[in-house]
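A short worksheet on the structure shown next.
For clarity, every value in this text was computed on a predicted model and none was experimentally measured. Lettering of chains follows the sequences in order, A, B, ..., and the numbering in each one begins at 1.
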Protein chains: 2
Amino acid sequence: MNVRTLCLGVLAVAEASGYEIKKEIEEGHFSHFIDASYGSIYPALIQLHAEGLLTVRAEEQTGKPDKKVYGITEAGRRALAKAVSEVPAKDKFRSEFLFQMLMQPLLTPGAMLNAIDKQLRDLNDDLSRIAECQRKEQPHAGGQFVAGYGKAVLTAAVIYLEQKKAELLREAVAPAAE
Amino acid sequence: MNVRTLCLGVLAVAEASGYEIKKEIEEGHFSHFIDASYGSIYPALIQLHAEGLLTVRAEEQTGKPDKKVYGITEAGRRALAKAVSEVPAKDKFRSEFLFQMLMQPLLTPGAMLNAIDKQLRDLNDDLSRIAECQRKEQPHAGGQFVAGYGKAVLTAAVIYLEQKKAELLREAVAPAAE
DNA sequence: CCTCACATGTAATGAGTTACATGATTGG
DNA sequence: CCAATCATGTAACTCATTACATGTGAGG
């Protein structure tokens with residue numbers, strides 16, 4: 001799915017400004033599987049509005065810059081429903097980390113452990129963010145589903161990595177003792 | 001990582017033609033987390049060769065078109081080692097499927113089940129491909145690690161989805177019986 | 001006969017990121 | 001005073017995909 005559809009998806013739940021959409025993608029239910037920058041969000045919103053799929057309202061704020069609050073129109077909802085019901089391409093995990101691990105002989109054991117630790121931190125960050133989402137929002141069906149999926153997958157990864165890390169540490173100590 | 005680094009990574013294990021690199025990415029240890037098309041592989045190989053990171057050798061074949069077999073040079077290995085040791089950006093799962101699931105209210109129950117079934121097929125395909133890799137190759141450390149990670153994560157996803165699918169089917173029957 | 005597997009490449013196009021540009025207010 | 005948060009937008013650029021272009025041989 002592209003940034004257009006993503007914006008429609010966020011706005012289908014509640015109206016928001018471009019800035020707030022970015023925050024939602026970073027911290028909400030999308031955070032562990034989607035990314036988008038302002039450089040793609042703002043142009044998408046302008047375009048979607050021009051096509052009549054969104055409404056805009058300027059909101060003045062004291063102490064903060066004014067913001068443009070976007071809302072979805074009926075045509076927007078139809079466009080979103082259409083996009084969502086299309087059969088998507090197959091998911092890929094596109095993991096930089098796994099590529100690194102595949103190139104193990106090129107890495108020092110220390111670099112390996114660093115990479116694994118970083119991955120563990122990243123995975124645990126995602127898990128906390130999911131927990132946080134579930135804590136503060138009244139759970140709707142889609143959010144529950146995605147949170148559960150994310151938890152299951154990320155937890156499996158954490159368990160595997162922790163086990164492998166322990167193995168590596170044991171191996172690093174054992175030959176030194178000989 | 002980009003296609004350049006990916007090609008270097010494949011060639012670090014064994015020499016290959018552009019066509020064979022693509023096959024390796026589709027069917028080998030990369031298959032469940034990376035993608036690349038000929039339109040990016042061939043230009044990358046030409047470029048890498050011009051930079052002295054690869055060697056080329058034209059191989060004549062009877063019954064098949066000639067092929068250009070690329071091999072990695074020492075400079076190529078250094079470039080790969082450098083790229084691999086750089087700290088990568090955080091992994092994202094970039095899942096079209098999860099986006100679809102997040103938009104549940106827009107989907108009919110039938111469409112939901114179809115999407116879940118498709119995802120299950122895709123995940124199981126990946127699992128078989130990993131099993132196949134492990135069966136036919138003598139396992140090197142990186143491959144083992146990545147295969148294990150893939151298995152753990154994909155299996156967790158399959159289990160979660162199968163459970164959710166069963167729940168949905170029960171719900172679909174229960175209200176009809178009232 | 002037609003399609004698939006083998007094999008290489010280019011050009012048009014698309015979709016996004018990064019960097020730039022601007023500016024107010026709050027908290028350490 | 002400096003950094004961070006809030007807030008919007010544009011332009012240059014990167015990177016890759018898709019479609020096009022071409023050709024052989026084997027098998028159903």
Side-chain angles (χ1 to χ4, degrees), chain A residues 1-11 15-27 30 33-51 54 56-70 83 86 88-92 94 96 99, chain B residues 1-11 15-27 30 33-51 54 56-70 83 86 88-92 94 96 99:
Chain A
M1 115 254 50
N2 52 27
V3 174
R4 282 170 57 92
T5 312
L6 179 55
C7 289
L8 288 173
V10 174
L11 295 173
E15 25 167 65
S17 63
Y19 190 83
E20 287 162 350
I21 290 173
K22 177 91 198 288
K23 285 279 138 326
E24 177 60 31
I25 294 166
E26 269 170 8
E27 292 157 24
F30 301 91
F33 69 97
I34 286 180
D35 243 345
S37 62
Y38 292 123
S40 57
I41 293 171
Y42 285 118
L45 290 172
I46 291 165
Q47 201 194 328
L48 288 166
H49 177 240
E51 292 169 21
L54 298 182
V56 213
R57 165 169 55 83
E59 198 166 279
E60 284 170 54
Q61 299 185 119
T62 46
K64 286 178 194 174
D66 294 359
K67 62 178 175 182
K68 289 186 178 178
V69 179
Y70 290 91
E86 267 163 29
K90 198 194 150 197
D91 281 352
K92 290 261 150 145
R94 284 219 153 270
E96 299 271 323
F99 182 74
Chain B
M1 118 254 46
N2 52 27
V3 174
R4 281 171 58 90
T5 311
L6 179 56
C7 288
L8 288 173
V10 174
L11 294 174
E15 23 167 67
S17 65
Y19 191 83
E20 287 162 350
I21 290 173
K22 177 93 200 285
K23 284 281 137 332
E24 178 60 31
I25 294 166
E26 269 171 5
E27 291 158 25
F30 301 91
F33 70 96
I34 286 179
D35 243 346
S37 63
Y38 291 122
S40 57
I41 292 171
Y42 285 118
L45 291 173
I46 291 165
Q47 203 194 327
L48 288 166
H49 177 241
E51 292 170 20
L54 298 181
V56 214
R57 166 169 54 84
E59 198 166 278
E60 284 170 55
Q61 298 185 118
T62 46
K64 286 177 193 173
D66 294 357
K67 62 178 174 181
K68 288 187 179 177
V69 179
Y70 289 91
E86 268 163 27
K90 198 192 149 196
D91 282 352
K92 290 261 152 147
R94 284 221 153 267
E96 299 270 322
F99 182 74

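- Taking atom CD1 of residue Ile21(A) and atom C1' of nucleotide dT8(D), one finds them 13 Å apart after rounding to whole Å.
- Residue Tyr42(B) holds its OH atom at 9.5 Å from NZ of Lys22(B), rounded to the nearest 0.5 Å.
- Between the NZ atom of Lys92(B) and the C1' atom of dG16(C) there is a distance of 15 Å, given to the nearest Å.
- Atom pair Leu6(B):CG and dC15(D):P shows a separation of 14 Å (rounding to whole Å applied).
- One atom, CG of Asn2(B), and another, C1' of dC13(D), lie 15 Å apart when rounded to the nearest Å.
- Taking the side chain to side chain contact (heavy atoms under 4.5 Å, CB included) definition, one finds that Ala83(B) meets it with Thr5(B), sequence neighbours left out.
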- Worked verdict on Leu45(A) versus Val56(A) for side-chain contact (heavy atoms from CB on, under 4.5 Å): CA-CA 9 Å; Leu45(A) 290 172; Val56(A) 213; over 6 Å; no
- Give the C-alpha distance, both sets of side-chain angles, the deciding distance and a yes or no for side-chain contact (heavy atoms from CB on, under 4.5 Å) between Leu6(A) and Ile41(A). CA-CA 9 Å; Leu6(A) 179 55; Ile41(A) 293 171; over 6 Å; no
With 3.5 Å as the limit, what N/O pairs link the protein to nucleotides 7-11 of chain C?
| residue | atom | partner | partner atom | Å |
| --- | --- | --- | --- | --- |
| dA7(C) | OP1 | Gln61(B) | OE1 | 3.0 |
| dA7(C) | OP1 | Gln61(B) | NE2 | 2.4 |
| dT8(C) | OP1 | Lys68(B) | N | 2.9 |
| dT8(C) | OP2 | Tyr19(B) | N | 3.0 |
| dT8(C) | OP2 | Tyr42(B) | OH | 2.8 |
| dT8(C) | O5' | Tyr42(B) | OH | 3.4 |
| dG9(C) | OP1 | Lys68(B) | NZ | 2.4 |

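- Using a 4.0 Å cut-off between a side-chain N of Lys or Arg and a carboxylate O of Asp or Glu, Lys23(B) and Glu26(B) qualify as a salt bridge.
- In this structure, Lys68(B) forms no cation-pi arrangement with Tyr70(B), as its terminal cationic atom is not both closer than 6.0 Å to the ring centre and no more than 45° off the ring axis.
- Rounded to whole Å, atom P of dC15(D) lies 18 Å from atom CG of Asp35(B).
- Rounded to whole angstrom, the span from the NZ atom of Lys23(A) across to the P atom of dC6(D) amounts to 6 Å.
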